[in-house]
Amino acid sequence: MAVPKSKISKSRRGMRRSTDALKKPAYVEDKDSGELRRPHHIDLKTGMYRGRQILEPKESI
């Protein structure tokens with residue numbers, strides 16, 4: 001049976017669990033269109049990424 005060699009303090013346990021908290025996703029304002037988008041993601045409305053055309057822009061219906 002696995003038994004810990006020493007007690008884990010409340011502080012150390014809390015530091016380990018601090019990464020388990022849910023964080024709200026970050027958004028940045030696009031320089032060209034002004035729309036909000038995730039950092040390091042393609043802007044789906046314009047299809048641009050880092051100043052280059054990656055995808056064809058979505059057509060609005």
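Keep in mind that the numbers below use all heavy atoms, side chains included, and drop hydrogens, waters and symmetry copies. Start at 1 with the first residue, then count along the sequence.
- Among residue pairs with one or both ends in residues 11-31, those qualifying as side-chain hydrogen bond (donor to acceptor under 3.5 Å, both in side chains) are Asp30-Ser33, Asp30-Arg37; sequence neighbours excluded.
- Between Ala26 and Pro39, the shortest heavy-atom contact is O-CD, 3.3 Å.
- With contacts defined as side-chain heavy-atom distances shorter than 4.5 Å, the pair Tyr49/His40 qualifies.
- In this structure, OG1 on Thr46 lies 10.5 Å from CD1 on Ile54, to the nearest 0.5 angstrom.
- The distance from atom CD of Glu56 to atom CD of Gln53, rounded to the nearest 0.5 Å, is 6.0 Å.
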